[in-house]
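Working notes for the structure below.
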Amino acid sequence: MPVPFAAVHSTLTPREREIFAAVLRQETTRQIAAACGLRYQTVKNYLTTIYDKLGVANRLALCAEYGDAANRWQHGPLDASVRAE
């Protein structure tokens, strides 16, 4: 079962939240790697960890589960002040 959007901040590390937000902006793995100064495989490893922590199977499921909530918050910081849905 996916983690509620309001719990994302406490569930993910700062780097994972950065990658999570980039995925929701529909950036590719290569784009995320370049923007973060990471190797492609490192971003893939982060994505696997994010999927496991949030209880989703893949990028599509992540966007389906969290995309609408993130859009309502205007891609602002994913912090503890985000209210539960």
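Since the structure is predicted, the reported quantities are computational estimates derived from the model, not experimental observations.
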Minimum-distance pair of heavy atoms, taken over all atoms of Cys63 and Leu24: CA-CD2, 4.0 Å
To the nearest 0.5 Å, what is the distance between CD1 on Ile19 and CD on Glu27? 10.5 Å
Separation between CZ (Arg59) and CG (Leu47), nearest 0.5 Å, reads 5.5 Å
Nearest 0.5 Å, what's the CD-SG distance between Gln31 and Cys36? 11.5 Å
Could you work out, with salt bridge (charged side-chain N to carboxylate O under 4.0 Å, His left out) as the rule, every residue matching Glu18, not counting sequence neighbours? Arg15
Which residues share a salt bridge (charged side-chain N to carboxylate O under 4.0 Å, His left out) with Lys44, sequence neighbours left out: none
Side chain to side chain contact (heavy atoms under 4.5 Å, CB included) against Asn45, all qualifying residues, sequence neighbours excluded: Gln41
If only atom types and distance count, is the side chain of Thr42 paired as donor or acceptor with the main-chain N or O of Leu38 below 3.5 Å? no
About how many Å separate CD of Glu65 and OH of Tyr51, when rounded to the nearest 0.5 Å? 14.0 Å
side-chain contact (heavy atoms from CB on, under 4.5 Å) between Lys53 and Val3, worked out: CA-CA 8 Å; Lys53 285 183 172 184; Val3 171; over 6 Å; no
To the nearest 0.5 Å, how far apart are OG1 in Thr28 and OH in Tyr40? 8.5 Å
Using 30° and 60° as the class boundaries, would you call the ring planes of Tyr66 and Phe20 parallel, tilted or perpendicular? perpendicular
Report the C-alpha distance between Val23 and Ile50 in whole Å, list the side-chain angles of each, state the deciding distance to 0.1 Å, and finish with yes or no for side-chain contact (heavy atoms from CB on, under 4.5 Å). CA-CA 11 Å; Val23 169; Ile50 291 166; over 6 Å; no
Is it true that a side-chain atom of Arg17 and a backbone atom of Val8 form a donor plus acceptor pair closer than 3.5 Å? no
Which pair of non-hydrogen atoms, one from Ala61 and one from Val56, has the smallest distance, and what is that distance? CB-CB, 3.9 Å
